[in-house]
Amino acid sequence: MPASSSVLPSVRLLATGGTIAGAQANHARGYKAAAFSINALIAAVPQLTELAALDVEQVAAIGSQDMDDAIWLRLAARTQATVDTPTIAGVVISHGTDTMEETAFFLNLVVRTSKPVVLVGAMRPATAISADGPMNLYNAVAVAAQPAVSGRGVLVVANDEIHFAREVAKTNTTQLGTFRATHRGLAGLVHAGRLHLYAPPVRRHTSDSEFSVDGLSSLPRVDIVYAHAGMGRELIDAAVRAGARGIVIAGVGDGNLAAPALAAAAEAVRAGLAVVRSSRTGGGVVERNIEVDDDTLGFIAADELNPQKARVLLSLGLTRTRDPLALQEMFFTY
Ligand code: SIN
């Protein structure tokens with residue numbers, strides 16, 4: 001519900017770019033992400049002033065395909081500083097939808113807070129016919145300003161839905177309903193700023209997380225290797241040679257991979273890398289020791305995490321330990 005103007009909560013908007021800030025030269029096709037500043041986006045939604053007292057900071061101006069560890073570390077630091085400011089009720093982060101699920105999960109693991117942290121994006125550029133950004137932004141600010149949202153971890157708001165960072169995945173290249181939560185469902189709904197919250201998440205996050213970016217200037221390199229019929233070992237060997245400290249296999253089915261690739265992955269473990277088996281299917285749990293003998297080969301099963309989220313958790317896990325069993329426990333915990 002819109003707050004009364006005398007008691008408006010303070011919400012900070014951290015902008016990173018994306019299609020929500022995108023502009024088209026031609027309304028039929030093509031656009032440039034991150035063309036508009038956050039101030040221009042806010043000016044397009046004057047109703048925001050009924051929800052919160054906003055202040056803004058442009059942290060980056062990129063298409064989210066260019067999101068990287070350096071920006072993640074900066075964004076985590078700015079988010080932490082913001083939530084540590086006593087007068088701030090919540091944070092909204094504008095972000096491209098392509099890698100939003102990874103950034104959301106990263107922040108969900110490293111930002112220590114119970115305050116609302118909400119990522120928002122859009123599938124259509126700001127200049128498109130029926131752009132979705134303005135309503136998504138309005139809803140995201142409504143969620144971030146709402147104390148009842150506290151303790152639910154980092155959230156993603158788009159298309160009238162509220163998603164948990166751990167559960168959300170982009171599943172469609174263009175449609176507005178691209179975000180889905182296959183395993184554990186929605187965090188809630190938000191319709192024209194009115195919230196309907198569902199059950200809180202059960203896995204550890206934010207204030208309950210063991211991970212931190214304090215003192216980090218980089219993250220351990222983790223590569224994703226996509227499995228397929230006729231897969232060889234070359235890409236796994238290339239990841240080892242490139243200096244990866246971990247590899248996530250986007251495996252076929254239950255996180256499986258062809259015999260030559262399996263042998264290369266086992267060698268990578270013996271060389272000191274951590275190897276996680278995830279699945280390219282887009283749903284389901286990868287369990288230990290079903291078709292692949294994880295105990296013998298030293299692999300880690302991704303549990304419910306898709307390859308791109310497994311990559312985030314493995315990279316942060318490697319800041320703590322290289323022990324495959326300790327890393328496995330993290331995949332059962334977060
Ligand atoms: C991006 O991720 O920056 C481009 C796509 C989008 O925001 O929808």
Exercise for the section: Supply the atom-to-atom distance Asp237 CG to Glu234 CD, rounded to the nearest 0.5 angstrom. Expected result: 7.0 Å
Exercise for the section: Verify the distance criterion only: is there a donor paired with an acceptor across the side chains of Thr97 and Lys170 at less than 3.5 Å? Expected result: yes
Handout entry: No-hydrogen, no-angle side-chain donor-acceptor test under 3.5 Å, Thr281 and Ser279
Key = yes
Fill in the blank from the handout: Residues Ala144 and Pro116: closest non-hydrogen pair is O-CG, 3.5 Å
Practice task
Going by the side-chain hydrogen bond (donor to acceptor under 3.5 Å, both in side chains) test, name the single residue among Glu210, Lys309, Arg203 that passes it with Tyr334.
Solution key: Glu210
Handout entry: Heavy-atom check, side chain of Leu216 versus side chain of Thr319, under 4.5 Å
Key = yes
Exercise for the section: Would you name the heavy atoms of Pro134 and Ala131 that are closest together and state the gap between them? Expected result: CD-O, 3.8 Å
Exercise for the section: Look only at the side chain of His183 and the backbone of Gly284, and say whether a donor-acceptor pair between them is shorter than 3.5 Å. Expected result: yes
Problem - Polar side-chain atom of Asn289 near backbone of Asp295 as donor-acceptor pair, under 3.5 Å - result: yes
Handout entry: Heavy-atom donor-acceptor pair, Asp132 side chain to Arg124 backbone, under 3.5 Å
Key = yes
Handout entry: Side chain proximity check, Val156 to Phe105, heavy atoms < 4.5 angstrom
Key = no
Handout entry: Any donor-acceptor N/O pair, Asn159 side chain to Glu161 backbone, under 3.5 Å
Key = no
Problem - Stepwise side chain to side chain contact (heavy atoms under 4.5 Å, CB included) test for Phe106 and Leu316 - result: CA-CA 8 Å; Phe106 178 73; Leu316 286 170; 3.8 Å; yes
Problem - Ser10 side chain to Ile88 backbone, donor-acceptor under 3.5 Å - result: no
Practice task
Please test Ile300 against Asp294 for side chain to side chain contact (heavy atoms under 4.5 Å, CB included), starting from the C-alpha separation and ending with a verdict.
Solution key: CA-CA 7 Å; Ile300 298 149; Asp294 296 303; over 6 Å; no
Exercise for the section: For Lys115, enumerate each residue passing the side chain to side chain donor-acceptor pair (under 3.5 Å) test, keeping only those at least two apart in sequence or located in another chain. Expected result: none
Handout entry: Shortest non-hydrogen separation from Ala265 to Leu257 and the atoms involved
Key = CB-CD1, 4.5 Å
Practice task
Answer yes if the side chains of Gln80 and Arg112 hold a donor-acceptor pair under 3.5 Å, and no otherwise.
Solution key: no
Practice task
Determine whether Thr103 and Leu75 make a side-chain contact, defined as any pair of heavy atoms from C-beta on separated by less than 4.5 Å.
Solution key: yes
Problem - Side-chain H-bond candidate by donor/acceptor type, Asp160 with Asn139, under 3.5 Å - result: yes
Exercise for the section: Kindly assign one of parallel, tilted or perpendicular to the pair Phe179 and His163, based on the angle between their ring planes and the thresholds 30° and 60°. Expected result: tilted
Practice task
List the atom of Asn256, the atom of Arg277, and the distance in Å for their closest heavy-atom pair.
Solution key: N-NH1, 4.4 Å
Practice task
To the nearest 0.5 Å, tell me how far Leu327 CG sits from Leu314 CG.
Solution key: 6.0 Å
Exercise for the section: Compute whether any side-chain donor of one residue and acceptor of the other, for His95 and Thr16, lie under 3.5 angstrom apart. Expected result: no
Problem - Note, Glu304 side chain near Arg166 side chain (heavy atom, < 4.5 Å) - result: yes
Problem - In one Ile/Leu/Val/Met/Phe/Trp/Tyr side-chain cluster, 4.5 Å: Leu273, Leu297 - result: yes
Practice task
Check whether any side-chain heavy atom of Leu14 sits under 4.5 Å from a side-chain heavy atom of Val92, and report yes or no.
Solution key: no
Handout entry: Short side-chain to backbone donor-acceptor contact, Thr99 and Gln65, under 3.5 Å
Key = no
Problem - N/O donor-acceptor pair under 3.5 Å between Glu101 side chain and Ala165 backbone - result: no
Fill in the blank from the handout: In terms of heavy-atom contacts, Leu73 and Ser218 come closest through CD1-N, 3.7 Å
Exercise for the section: Answer with yes or no whether the side chains of Thr19 and Tyr31 bring together a donor and an acceptor at under 3.5 Å. Expected result: yes
Handout entry: Gap between atom CG of Leu51 and atom CD of Gln47 - 0.5 Å precision
Key = 9.0 Å
Handout entry: Sub-4.5 Å side-chain heavy-atom contact between Arg74 and Val59
Key = yes
Problem - Connected via hydrophobic side-chain network under 4.5 Å: Ile20 and Leu54 - result: yes
Problem - Any donor-acceptor pair under 3.5 Å from Ser64 side chain to Met67 backbone - result: no
Practice task
Following the transitive rule for hydrophobic clusters with a side-chain heavy-atom cut-off under 4.5 Å over Ile, Leu, Val, Met, Phe, Trp and Tyr, establish whether Val168 and Val143 coincide in one cluster.
Solution key: no
Problem - ILVMFWY network linking Leu41 to Val120, side-chain heavy atoms under 4.5 angstrom - result: yes
Practice task
Could you please spell out the steps behind the side chain to side chain contact (heavy atoms under 4.5 Å, CB included) verdict for Ile162 and Leu189?
Solution key: CA-CA 5 Å; Ile162 311 170; Leu189 296 174; 5.8 Å; no
Handout entry: Val240 vs Ile247, side chain to side chain contact (heavy atoms under 4.5 Å, CB included): CA-CA, chis, key distance, verdict
Key = CA-CA 8 Å; Val240 176; Ile247 298 172; 4.2 Å; yes
Exercise for the section: Answer yes if Val275 and Val248 sit in the same cluster of Ile, Leu, Val, Met, Phe, Trp and Tyr residues linked by side chain heavy atoms under 4.5 Å apart, and no otherwise. Expected result: no
Exercise for the section: Could you check if a side-chain atom of Leu305 sits within less than 4.5 angstrom of a side-chain atom of Leu313, using non-hydrogen atoms only? Expected result: yes
Exercise for the section: Taking all heavy atoms of Phe211 and all of Arg320, pick out the closest pair and write down the distance. Expected result: CA-NH2, 3.9 Å
Problem - Atom pair CD (Glu167) and OG1 (Thr182), whose distance is rounded to the nearest 0.5 Å - result: 9.0 Å
Exercise for the section: Look at the side chain of Gln58 and the backbone N and O of Ala60, then say whether any donor-acceptor pair between them is shorter than 3.5 Å. Expected result: yes
Exercise for the section: Ignoring hydrogens and angles, state whether a donor on the side chain of Thr82 or Arg12 is under 3.5 Å from an acceptor on the partner side chain. Expected result: yes
Practice task
Compare all side-chain heavy atoms of Leu109 with those of Arg204 and state whether any distance is below 4.5 angstrom.
Solution key: no
Completion exercise
Interatomic distance, CG@Leu155 vs CG@Leu186, rounded to 0.5 Å, equals 11.0 Å
Handout entry: Rounded distance (nearest 0.5 Å) linking atom OH of Tyr226 with atom OG of Ser278
Key = 10.5 Å
Practice task
Verify the neighbour count for atom NE2 of His228: are there more than 12 heavy atoms of other residues, nucleotides or ligands below 6.0 Å?
Solution key: yes
Practice task
Using modelled atom types only, decide if a donor and an acceptor are shared between the side chain of Thr85 and the backbone of Thr87 within a distance under 3.5 Å.
Solution key: no
